[in-house]
Amino acid sequence: MLVCEHCAASYPTEKPRWRCDCGGTLMLESPARFDLAALRERASNLWPNLWRYADALPVPIADAVTLGEGATPLLPLAGAWGDAHFKLDFMMPTGSFKDRGSAVMVSQLKRWGLTEIIENSSGNAGVSVAAYCARANIDAHIFVPAHASIGKTAQIALHGARLSPIQGTREDVTAAALNAAQATFYAGHSWSPYFIHGVKTLAFELWEQLEFRAPDAVIVPVGNGSLVLGCCLGFNELRNAGMIDRLPCLIAVQAARCAPLARAWQQWMDVPVPVNKENTMAEGIAIAAPIKGRAILAAVRETNGLFVTVAESEIFNALKIMAKIGLYIEPTSAVAPAALIKLREQGEIDPAASVVVELTGSGLKSSEKISEMLGAEVAGGT
Ligand SMILES: *Cc1c(COP(=O)(O)O)cnc(C)c1O
Ligand SMILES: [Zn+2]
């Protein structure tokens, strides 16, 4: 059942729908079962993808559109940040955690019989949706900002999606996509409840990889909030099934230069604060007005978590620290280790706590950006 988060109207899942008639966002109620014996067997049978959790997903495995996503490594690493586990979600088919969400979302688009969809994204989501639509034989039309990086647009185009570059802000891109969606189905990942159900497998994998225990805290970047909402949903499902007793604290990280949610958190507000977005190297989370802002703030509160902002210098520093130990991540992803370093310095994390840092995206699509950043540094800039 699809349920409106605004007016509580409900809709059956048989027909394509991306929002409520009132304009509200939809959530998806769907049963989640966990069979430990089956999971152990699937792990030992090398079923190394997220579909081993099919009993907890809204799409049956027979309908899965898959590129082998999920089951990414969880690496324990000690360093400037103390002890922590790093979840290498950049090791996904298209190089970002977005594949968790796209796999489940595009599987549902396919079940709905859609042959053509519209999506808007400046980067990883567009790449991921383009790849899964290619796999599913669905024509994807992706709206991107005119200044989107070539590492991402080239990949979108090569997957066969139609690319529409739009001049103006990210909000202008969304408006153009919504306008086009009057004729074709809008499959925006930031709206889709199926996308969140895909991302929740991150919580399941952390639990499984920590020997069927939840960590004490999970640090994630937040832009549109699919990681926060996905982790909150996934850990809640595990708790409701009696698999864990309490939710890990979600530590949600934004770039100080675009922090509508962190600012709201500091001011005890339950909706995002309007911000003037400045340029940040964390372009993947530079979302000035997250659609599900209220739900994201509520999710962090529910887990007893917190919001953290990081400055550009802290992001760049963390990017370099990660690379020096062999992990080439994209600048957006560096906000999570940057937050851990900062929280440790401030003594805000119990040294005995088990902490997971989610590494969301590969550096390979951002090499152009990264080399510009290095060039600016050599030239004496930031
Ligand atoms: C999309 C993205 C994020 C943020 O995820 P949201 O669901 O928008 O909060 C973080 N890192 C990378 C690399 C991304 O592509
Ligand atoms: Zn509604």
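Just follow the structure's listing: the first ligand is 1, and inside any ligand the first atom is 1.
Taking every heavy atom of Val222 and a limit of under 4.0 angstrom, the matching atoms of ligand 1 come to 9 (O). For ligand 1, the atoms sitting less than 4.0 Å from at least one non-hydrogen atom of Thr332 are 10 (C), 11 (N), 12 (C), numbered in the order shown with element in parentheses. For ligand 1, the atoms lying closer than 4.0 Å to a non-hydrogen atom of Glu330 are 13 (C). Near Asn124, meaning under 4.0 Å from any of its heavy atoms, are these atoms of ligand 1: 13 (C), 14 (C), 15 (O). Counting atoms of ligand 1 from 1 in the listed order, those under 4.0 Å from a heavy atom of Gly223 are 6 (P), 8 (O), 9 (O). Taking every non-hydrogen atom of Gly225 and a distance limit under 4.0 Å, the qualifying atoms of ligand 1 come out as 6 (P), 7 (O), 8 (O), 9 (O). Near Leu227, meaning under 4.0 Å from one of its heavy atoms, ligand 1 places the atoms 7 (O).
Of the inter-residue distances, the one linking Thr309 atom OG1 with Trp265 atom CH2 reads 13.5 Å to the nearest 0.5 angstrom. Note: Thr360 OG1 to Ile285 CD1 = 8.0 Å, rounded to the nearest 0.5 Å.
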Practice prompt. Given salt bridge (charged side-chain N to carboxylate O under 4.0 Å, His left out), test Asp216 with Arg246 step by step and report yes or no.
Written response: CA-CA 9 Å; Asp216 295 315; Arg246 61 189 170 79; 3.1 Å; yes
Discussion item. Salt bridge (charged side-chain N to carboxylate O under 4.0 Å, His left out), that's the test. Do Glu330 and Lys369 meet it? Break it down for me.
Written reply: CA-CA 9 Å; Glu330 80 163 70; Lys369 262 254 157 66; over 6 Å; no
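In terms of N/O distances under 3.5 Å, ligand 1 is approached by Lys98. By the 3.5 Å distance cut-off applied to N or O atoms, Thr360 is counted among the residues near ligand 1. Note: no N/O pair closer than 3.5 Å links Ile285 and ligand 1 by distance alone. The N/O atoms of Phe97, backbone and side chain alike, include none that comes under 3.5 Å of an N/O atom in ligand 1.
The shortest heavy-atom contact between Gly198 and Val104 is CA-CG2, 3.5 Å. The nearest pair of heavy atoms linking Gly361 to Ser333 is N-OG, 2.8 Å. Contact record, Phe307 with Val222: CE2-CG1, 4.0 Å, taken as the closest heavy-atom pair.
Cys22 contributes SG and Cys7 contributes SG; the angle these two atoms make at the Zn ion (ligand 2) is 120°, rounded to 10°. With the Zn ion (ligand 2) as the vertex, atom SG of Cys20 and atom SG of Cys4 span an angle of 110° (nearest 10 degrees).
Ionic pairing of Glu237 and Arg33 is not present here: no N-O contact between side-chain nitrogen and carboxylate oxygen is shorter than 4.0 angstrom. In this structure, Glu205 pairs ionically with Arg52, as a charged nitrogen and a carboxylate oxygen lie closer than 4.0 Å. Between Asp89 and Arg100, at least one side-chain nitrogen of the basic residue sits less than 4.0 Å from a carboxylate oxygen of the acidic one, meeting the salt-bridge criterion.
Nearest protein heavy-atom contact of atom 8 (O) of ligand 1 is Asn224 N, 2.7 Å.
In this structure, Ser333 counts as a contact residue of ligand 1, since one of its heavy atoms falls inside 4.0 Å of the ligand.
Residue contacts to the Zn ion (ligand 2): His6 brings no N, O or S atom closer than 2.8 Å.
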